[in-house]
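For reference, the structure is listed below as structure tokens.
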Protein chains: 2
Amino acid sequence: MTGPRGGVLELAVLGSLHETPLHGYELRKRLNTLLGMFRAFSYGSLYPCLRGLLNDGFIVEEEPPEETVIGRRSKIVYKLTAEGKERLHELLTQAGPSAWEDESFGIHFAFFRHTEAEVRLRILEGRRSRLEERLEGVRTALARTRERLDSYTLELQRHGLESVEREVRWLNELIDSERRSTTAPPATDEGSIPAGPDQPQAAQETPQRAEKPQTDK
Amino acid sequence: MTGPRGGVLELAVLGSLHETPLHGYELRKRLNTLLGMFRAFSYGSLYPCLRGLLNDGFIVEEEPPEETVIGRRSKIVYKLTAEGKERLHELLTQAGPSAWEDESFGIHFAFFRHTEAEVRLRILEGRRSRLEERLEGVRTALARTRERLDSYTLELQRHGLESVEREVRWLNELIDSERRSTTAPPATDEGSIPAGPDQPQAAQETPQRAEKPQTDK
DNA sequence: CGGCCGATGTATCGCTCCGATACATCTGCA
DNA sequence: TGCAGATGTATCGGAGCGATACATCGGCCG
């Protein structure tokens with residue numbers, strides 16, 4: 001691994017470039033729209049990451065389609081290579097803590113379209129148990145606390161617990177949905193993993209929101 | 001500023017030690033219970049921070065009460081100094097981006113008990129507009145997006161938007177509550193800032209959850 | 001009585017990523 | 001014409017996480 005890129009960025013970049021070639025600025029905007037509610041990537045990590053991916057041969061700078069010239073080009077358009085696609089598939093196949101921690105779960109989820117059903121399920125379940133052990137930890141620690149807490153601290157706790165509980169419920173719906181759509185089709189050969197590194201379709205099987213809108217307050 | 005501590009940790013440590021002296025291990029547990037749903041502090045940042053605070057004179061190692069000995073002590077109990085209290089008050093007085101960004105808002109809120117009412121209000125409002133501009137940004141970016149998104153990306157967006165909208169509603173309730181409890185009391189002299197660095201009581205004025213318990217499922 | 005395991009406790013190192021910043025070019029508009 | 005704001009590439013310093021090392025203590029089981 002040449003460049004010092006690691007963790008989250010690599011998947012984010014490779015995944016985005018898999019859809020279409022992009023240049024840095026565009027890439028960042030794309031990513032921050034995709035994950036804007038959860039995190040915001042910065043150039044300070046994006047460009048080093050691109051450099052690393054470049055000299056590992058996972059991406060290349062693309063020629064502009066000739067003739068576009070007015071002055072000289074200043075854009076640098078990056079494009080996924082075959083090795084890059086392979087690397088992307090490798091990253092999408094791993095279901096481990098690195099897929100369901102706070103910082104990374106969003107990215108993995110955003111590219112679920114390209115992820116095998118079995119891996120999707122394991123990531124969702126991993127995320128759920130991560131959150132549940134966090135709930136458990138805080139709840140028991142709270143129960144053991146002798147001294148009474150002030151109302152602000154209490155309110156913060158309450159809000160935090162509620163948020164995490166909501167996310168667990170959300171995950172439950174998603175997991176149900178995944179189970180329903182993977183066990184429903186006629187059980188073809190169970191053992192083999194179906195997808196190659198570059199299946200271009202496979203964008204079906206919607207998560208289908210399950211509950212009614214709940215009238216929300 | 002001697003030690004390389006900055007940002008969030010400093011407030012977290014000083015605020016915790018303001019309640020009662022603690023040693024590192026205990027301090028970390030305390031903090032991770034307090035903010036367990038939002039973040040988890042690590043020794044890798046805690047100990048350097050303590051060292052920095054030590055040689056800036058904001059905290060000192062406390063003598064064990066003599067005679068406790070069996071072998072030699074291994075605990076190092078830290079205690080806030082007068083300068084430390086002053087520093088804490090200084091940190092609690094600043095209402096700026098450093099108070100309402102994602103990483104820091106939780107800590108500031110957790111110590112609202114020691115924060116002046118006016119500052120509390122400005123922090124809550126700052127946080128709210130931060131979230132609202134995030135909503136705005138993502139919404140318009142979404143609206144401008146030509147290509148249709150796959151169902152997973154869509155679901156992620158929906159979940160993210162909903163979560164942030166919920167937090168905004170939560171902040172609205174808190175802000176209302178703050179307004180009600182600060183304008184209700186007879187308007188004593190408005191200009192002067194009442195609290196010194198070391199008021200030990202001042203734990204009143206509850207945020208009073210506004211809504212009925214909502215039967216929470 | 002002895003040994004071991006898990007909780008308590010202090011400490012460091014490498015690494016990822018953010019925030020601020022600098023600087024250049026392109027575009028619309030007054 | 002000129003300038004303000006969007007587009008675009010790039011770097012630097014620093015915060016804080018995760019893993020890890022290592023030492024001590026208390027309790028439990030054989």
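Everything quoted here is computed from the prediction, not taken from an experiment. A, B, ... follow the sequence lines: proteins, then strands. Residue 1 opens every chain.
- The side chain of Lys75(B) lies closest to dG9(C) when the candidates are dG9(C), dT7(D), dC17(C).
- In this model, the phosphate group of dA11(C) is not approached by any side-chain N or O of Tyr47(B) to a distance below 4.0 Å at OP1 or OP2.
- Residue-environment remark: CZ (Arg128(B)) exceeds the threshold of 12 foreign heavy atoms within 6.0 Å.
- Using a 4.0 Å heavy-atom cutoff across all strands shown, Gly24(A) reaches sugar-phosphate atoms only and no base atom.
- Checked against dC17(D), dC18(C), dT11(D), the side chain of Tyr43(A) finds its nearest nucleotide in dT11(D).
- The phosphate of dT9(D) (OP1 or OP2) has no side-chain N or O of Arg51(A) nearer than 4.0 angstrom.
- Listed pair Ser42(A) / dG19(C) fails the phosphate criterion, with no side-chain N or O lying under 4.0 Å from OP1 or OP2.
- Distances from the side chain of His23(B) to the nucleotides dT10(C), dC17(C), dT9(D) place dT10(C) closest.
- Within a 6.0 Å sphere centred on CZ of Arg28(A), heavy atoms belonging to other residues, nucleotides or ligands number more than 12.
- Residue contacts shown for Arg28(A) are absent, as no nucleic acid heavy atom lies under 4.0 Å away.
- Taking atom CD of Glu26(B) as the reference point, atom C1' of dA7(C) lies 13 Å away to the nearest angstrom.
- Side chains of His108(B) and Glu101(B): a donor-acceptor N/O pair is absent below 3.5 angstrom, by distance only.
- Between the CG atom of Leu46(B) and the P atom of dA15(D) there is a distance of 15 Å, rounded to whole Å.
- Between Trp170(B) and Phe109(B), the two ring planes are tilted [angle within 30° to 60°].
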